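These notes concern the structure reproduced below.
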Amino acid sequence: MPIIVVEVMPKAEILDPQGKAVVGALDRLGKSKFGAVRIGKRFELTVDGPVDDALLAEVRELAEDMLANTVIEDVVSVHEALPVSVAGETH
Amino acid sequence: MPIIVVEVMPKAEILDPQGKAVVGALDRLGKSKFGAVRIGKRFELTVDGPVDDALLAEVRELAEDMLANTVIEDVVSVHEALPVSVAGETH
Amino acid sequence: MRIGVITFPGSLDDRDAARAITIAGAEPVALWHGDHDLHDVDAVVLPGGFSYGDYLRAGAIASHAPIMAEVIEAAGRGIPVLGICNGFQMLAEARLLPGAHTRNAHQQFIRRDQRLIVENATTAWTNEFAAGEEIVIPLKNADGRFVADDETITRIEGNGQVVFRYAGLNPNGSMNDIAGISNERGNVVGLMPHPEHATEPGFGPDMPDAMRSGTDGLRFFTSAMASLIARA
Amino acid sequence: MTTPIAVADTVSNAAATPEKEQPYAALGLKEDEYLKIREILGRRPTSGELAMYSVMWSEHCSYKSSKNYLRQFGTKVSPKMTKNLMVGMGENAGVVDVGEGWAVTFKIESHNHPSYIEPFQGAATGVGGIVRDIISMGARPVAVMDALRFGAIDHPDTARVVHGVVSGISFYGNCLGLPNIGGETYFDSVYQGNPLVNALAVGVLRHEDLHLANARGVGNVVVLFGARTGGDGIGGASILASDSFSAGGPTKRPAVQVGDPFAEKVLIECCLELFAKKLVEGIQDLGAAGISCATSELASNGDGGMFIELERVLLRDPNLTAEEILMSESQERMMAVVTPEKLEGFLAVTAKWDVETSVLGHVTDTGRLIINWHGEEIVNVEPRTVAIDGPVYDRPVAYPGWLDALRADTAAGLARPTTGDDLRAQFLALLGSPNLADKTWLTNQYDKYVMGNTALSFPDDGGMVRVDEESGLGFAVATDANGRYCQLDPYRGAQLALAEAFRNVAATGATPVAISDCLNFGSPENPEVMWQFGQAVEGLADGCLALEIPVTGGNVSFYNQTGDVPIHPTPVVAMLGVIKDVATRIPSGWQDEGNNIYLLGVTRHELDGSAWAGTIHDHLGGVPPLVDFDAEQRLAGLIAAGGEQSLVASAHDLADGGLGQALAEAVMRFGIGARVWLTEIMERDGVDAATALFSESTARMLVSVPREDDVRFQGLCEGRNYPVLRIGVTDNSGTLEVQDLFTVSLDQLRGTHRATLSDAFGPVIGQ
Ligand SMILES: Nc1ncnc2c1ncn2[C@@H]1O[C@H](COP(=O)(O)OP(=O)(O)O)[C@@H](O)[C@H]1O
Ligand SMILES: [Mg+2]
């Protein structure tokens with residue numbers, strides 16, 4: 001069944017304590033090349049029908065409405081998942 | 001500065017109560033077309049150098065090692081972020 | 001007898017663990033996450049709390065702390081190591097114990113006086129209990145749900161590595177009602193409930209006979225002391 | 001992108017361009033306030049100065065509408081009230097000497113408005129803010145509490161707010177490692193669009209560890225440490241920024257702040273190590289108005305001058321303008337004054353805890369607070385004019401036109417039940433009503449164990465914490481307020497809150513010694529609200545004088561209203577008590593069967609404004625119960641003595657819901673049943689059964705006494721001349737039997753009590 005992916009990230013100007021903690025941990029591991037880390041959410045919604053523009057628009061609305069807290073988060077992407085074999089690759 | 005995105009999802013066989021709660025909420029909204037929802041994490045790592053295969057491999061290792069706990073999670077993707085204008089689109 | 005308690009940034013129950021060790025009759029030794037030094041302690045406690053806010057995953061960042069290398073080495077030598085709550089999560093993240101922890105099934109932080117069955121009374125931290133004994137230990141966590149793959153579950157059940165099971169109610173959805181486990185050797189034990197909060201009358205869990213009177217947690221520490229004497 | 005550096009508004013620029021229009025109104029300043037600023041400075045303010053004055057002269061920071069009233073807390077005092085007060089009102093939190101070289105500091109503060117916009121983060125940062133006040137006194141925070149008011153339990157928006165607020169408090173407090181030891185939770189539609197989230201924190205310190213917020217010692221350095229400064233809570237600054245920040249427009253300003261309890265936990269440990277090593281001269285937390293507040297207050301309370309280089313502030317968002325940095329309310333930051341020779345030691349400690357630190361400037365004797373931005377002077381003010389000598393208003397006051405009619409509409413005409421069945425039904429309706437229902441759904445999410453010193457917490461009447469592990473010395477705290485009573489009579493309502501908090505603390509066996517208060521009201525620009533406020537403050541001040549208990553500090557929250565409709569006046573009183581040895585603490589429920597049950601105090605016809613009138617008849621009107629501080633004091637003394645001599649096995653105060661509710665709670669606490677009779681109450685006090693069960697007369701408590709201590713207990717009551725009646729016996733029946741009227745099983749009591757919140761908000765794990 002097709003999967004729609006919704007990506008939500010904390011707003012840029014909002015403190016992201018999680019990302020901060022990870023940057024600190026990376027620093028301690030000697031990986032200070034990573035200057036900033038932000039941690040958001042990735043939703044996978046399984047749908048039983050075909051994915052078309054109307055459905056994507058509906059999901060985006062849902063995402064703004066319910067999946068994300070738009071006071072502090074942005075919905076950065078709503079798209080159909082690529083077939084697993086591609087998505088799993090590192091490039 | 002370039003951003004590397006790491007996507008982590010709970011393993012399929014692990015119960016995802018948060019995802020289940022979202023399905024329940026969707027059902028109550030009359031959106032029962034979504035059969036399953038899983039919630040994972042999306043990391044954005046800002047790097048100051050160029051992104052090449054070696055760096056992506058290093059990040060994948062880091063992801064398996066620390067960003068994800070591979071007992072319960074899979075690293076589903078490690079890739080350079082698309083330019084904002086594209087990533088932000090709904091399709 | 002000297003039992004170390006490691007403080008990580010975000011450790012909360014470190015002083016409580018030290019107090020419990022004192023009440024049990026041993027000497028608590030404060031250890032610091034950033035050191036590569038266990039100060040020759042005879043046993044180690046990883047206390048509860050929210051190390052690094054548990055922002056990545058509970059215990060994940062702390063499991064990479066410098067002192068964890070020493071803990072892993074010492075555990076290999078067989079010294080008793082106890083991980084309480086966040087400490088249990090760190091031991092799992094550090095792969096000293098199998099499995100992992102996820103968000104509680106009901107998704108809330110929960111604090112309650114929890115009944116437990118002692119399943120294995122032979123480990124370094126449980127030898128003063130009787131197998132099958134029921135005890136009451138306060139529980140408080142948000143990410144306490146123990147999970148592992150089928151093969152791991154079968155293995156730890158078969159080896160007697162399940163040390164505690166929730167009784168009466170599984171408060172977080174842990175697989176097989178598992179509240180605490182040990183490594184194969186039995187010197188490393190981790191559990192979600194907090195034995196250090198059941199060591200002083202008046203400040204422990206409510207018991208049927210009197211308010212706040214539970215002290216079942218004391219025997220965790222006296223067990224470690226007994227096992228150290230037996231080893232010596 | 002061009003930086004704002006080049007275009008910052010400097011002092012010399014301000015002097016040269018007196019006519020430049022400034023957006024003072026958009027920053028919340030009135031014209032006369034703006035003109036006052038110009039007069040103080042002898043020129044127009046720079047945009048940085050305007051930023052500082054506008055936030056510091058806001059209602060929230062300047063107390064401009066309330067100051068004239070709050071003075072009473074300082075004038076209506078007796079010598080006894082100040083004797084043990086080490087630090088009184090005006091500092092970050094009051095400090096009370098509790099003996100044995102120990103002191104306790106505590107304060108309650110509101111975070112109402114942010115908690116409506118973003119309940120989780122609003123409530124979380126509310127806890128964070130009050131805890132920093134406690135740290136800044138030199139104390140180790142040891143407990144938190146939360147006094148909450150939500151809209152109607154069945155309103156569609158209430159669950160959102162409740163879930164967010166409770167998980168925010170739970171998240172922040174638990175992660176900080178502070179036990180939550182109590183609070184209150186009420187539901188009323190008057191709070192629908194304006195919930196109240198009042199957070200309280202308590203800290204303990206040795207006398208010699210007391211620290212104050214002042215910048216003394218010329219040449220001492222001023223250090224900012226903790227979280228980086230971001231664009232949090234600076235909505236107004238965008239207006240300033242937009243005229244000084246040309247390229248690219250202002251950055252986006254978040255409406256809410258995100259709390260980082262881990263950062264605060266580390267900050268606590270870091271501060272305590274700094275204190276222990278004596279590396280700090282003065283210290284101030286950064287709360288509302290951020291750096292504007294910290295610099296101006298530290299300077300005003302010290303030698304009067306300070307020099308700051310603002311570009312040294314470590315930023316989370318490099319695009320912030322100077323004005324935004326001055327106004328930012330980013331959480332988890334502190335400012336300290338350090339002698340130069342101790343700076344190295346200071347930095348070593350902050351480095352150990354991974355706490356980012358920057359030296360911003362130093363203390364001067366110029367009498368001016370001077371702030372530079374990349375070498376240019378952007379602020380040059382006398383700090384007092386910002387921090388202390390802000391505007392003060394005598395707002396118009398008007399007796400509410402509706403009040404006489406409301407007070408005339410008493411509960412006397414409401415139908416009262418007479419049969420056992422009707423009494424039983426109403427008793428159960430009250431037990432399951434949202435305000436009297438079990439709050440385990442919330443309190444289950446709070447850690448009460450951490451630190452290992454919690455002697456009492458929910459569901460007992462007050463929270464109690466051990467201070468000294470050797471001697472058992474401890475403190476107790478309870479918070480109370482009844483908005484319904486305050487609506488009927490704000491003077492008496494405030495006194496009722498005081499009396500109830502006093503009684504709740506006394507019920508634990510502790511001796512009440514001091515209060516902090518959080519005064520939640522509607523708009524001060526509404527003369528009726530201002531009248532309510534004046535009445536409440538007067539009532540509180542008079543009550544404190546009568547009890548000889550000082551007000552150590554608190555917080556005023558105005559503008560709590562939905563549209564034009566103000567909330568009920570809600571002055572929350574937090575009472576601190578002291579107990580010599582927490583081992584003698586008294587629980588609120590019956591612990592053993594075969595004990596005698598006594599009712600202390602008299603029951604009057606006092607159903608106006610009661611939970612009974614509200615729940616059964618949806619009625620609010622009349623005159624609230626009498627307050628008798630003398631009786632409250634005698635009752636408290638009696639319980640303290642009874643506790644010390646171990647005569648009372650339990651004590652539970654009577655308040656909302658009256659005797660019926662107290663009986664139910666005493667049974668449910670440990671599952672011990674009871675048989676009670678109302679006949680003697682009815683006879684002695686001349687009341688009917690419904691009044692005996694549901695009246696909310698004050699100065700009453702329900703106690704249980706082991707049989708063998710009966711004679712001594714009665715002697716104690718007689719000796720103190722306190723009205724007492726034996727009204728029942730505890731048993732193992734598993735029921736509450738009110739003789740000749742009704743019987744309810746423990747299961748039904750618990751079922752009714754527990755169902756309400758779980759039906760509304762989700763299951764309670766383990767029930
Ligand atoms: N929001 C809350 N946080 C912590 N404890 C709470 C909260 N609400 C209620 N409680 C606790 O539940 C118990 C019952 O509350 P309440 O009926 O208001 O007490 P009382 O009538 O004695 O003032 C008390 O122990 C109180 O501290
Ligand atoms: Mg009470």
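Numbers restart at 1 for each chain; the letters A, B, ... are given by sequence-line order, proteins then strands. Since this is a predicted model, take the numbers as computed values, not measurements.
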query: Looking at C:Ser51, C:Pro9, C:Ser11, which has the largest count of heavy-atom pairs under 4.5 Å with chain D?
result: C:Pro9
message: Taking side chain as everything from C-beta outward and backbone as N, CA, C, O, which of these in C:Tyr55 sits under 4.5 Å from a heavy atom of chain D? Side chain, backbone, both or neither.
response: side chain
query: Would a distance-only check, ignoring hydrogens and angles, find a side-chain to backbone donor-acceptor pair under 3.5 Å from C:Ser223 to C:Glu128?
result: yes
query: With chain D, which of C:Gly204, C:Pro171, C:Gly48, C:Gly34 has the greatest number of heavy-atom pairs at distances under 4.5 Å?
result: C:Gly204
field: Pair C:Arg145, C:Thr102: side-chain N/O donor-acceptor within cut-off below 3.5 Å
entry: yes
statement: Answer key: most heavy-atom pairs under 4.5 Å with chain C among D:Gly762, D:Cys175, D:Pro587, D:Gly671 is D:Cys175
- prompt: Measuring heavy-atom distances to chain C, does D:Val450 have an atom under 4.5 Å in its side chain, in its backbone, in both, or in neither?
  reply: both
- request: Against chain D, work out which of C:Ala210, C:Pro205, C:Gly168 has the most heavy-atom pairs shorter than 4.5 Å and name it.
  value: C:Pro205
- request: Considering only heavy atoms and a distance below 4.5 Å, find which of D:Arg466, D:Lys265, D:Lys352, D:Met451 pairs most often with chain C.
  value: D:Arg466
field: Which atoms of D:Leu176 approach chain C - backbone, side chain, both or neither, heavy atom under 4.5 Å
entry: backbone
- prompt: Would you say the ring centroid of C:Phe88 lies under 6.0 angstrom from that of C:His101?
  reply: yes
- prompt: Can you tell which of D:Ser170, D:Ser167, D:Ala455 has the highest number of heavy-atom pairs within less than 4.5 Å of chain C?
  reply: D:Ala455
field: Contacting region of D:Phe670 [heavy-atom separation from chain C under 4.5 Å]
entry: side chain
message: Within the structure provided, determine whether D:Leu442 and D:Leu757 are in side-chain contact (heavy-atom separation under 4.5 Å).
response: yes
message: Is C:Leu169 close to chain D through its backbone or its side chain, or both, or neither, when contacts mean heavy atoms under 4.5 Å?
response: side chain
query: Above 12 or not: heavy atoms from other molecules or residues under 6.0 Å from CG of C:Asp209?
result: yes
message: Please confirm whether the ring centroid of C:Trp32 lies under 6.0 Å from the ring centroid of C:His39.
response: no
- line: If one checks every heavy atom of D:Gln445 against chain C at 4.5 Å, the contacting part turns out to be both
message: If you count heavy-atom pairs within less than 4.5 Å of chain C, which of D:Val266, D:Thr440, D:Asn453 leads?
response: D:Asn453
statement: So, the part of D:Asp592 with a heavy atom under 4.5 Å from chain C: the answer is neither
message: For D:Lys448, I'd like to know if atom NZ has over 12 heavy atoms of other residues, nucleotides or ligands within 6.0 Å.
response: yes
message: If we ignore hydrogens and angles and just use 3.5 Å, is the side chain of D:Asp581 paired with the main-chain N or O of D:Ala583 as donor and acceptor?
response: yes
field: Segment of D:Val166 engaging chain C (4.5 angstrom heavy-atom cut-off)
entry: neither
task: Give the C-alpha distance, both sets of side-chain angles, the deciding distance and a yes or no for ring-ring contact (aromatic ring centres under 6.0 Å, His included) between C:Phe109 and D:Tyr446.
output: CA-CA 8 Å; C:Phe109 184 97; D:Tyr446 299 153; 8.8 Å; no
message: In the structure I gave you, are the side-chain heavy atoms of D:Phe262 and C:Phe50 within less than 4.5 Å of one another anywhere?
response: no
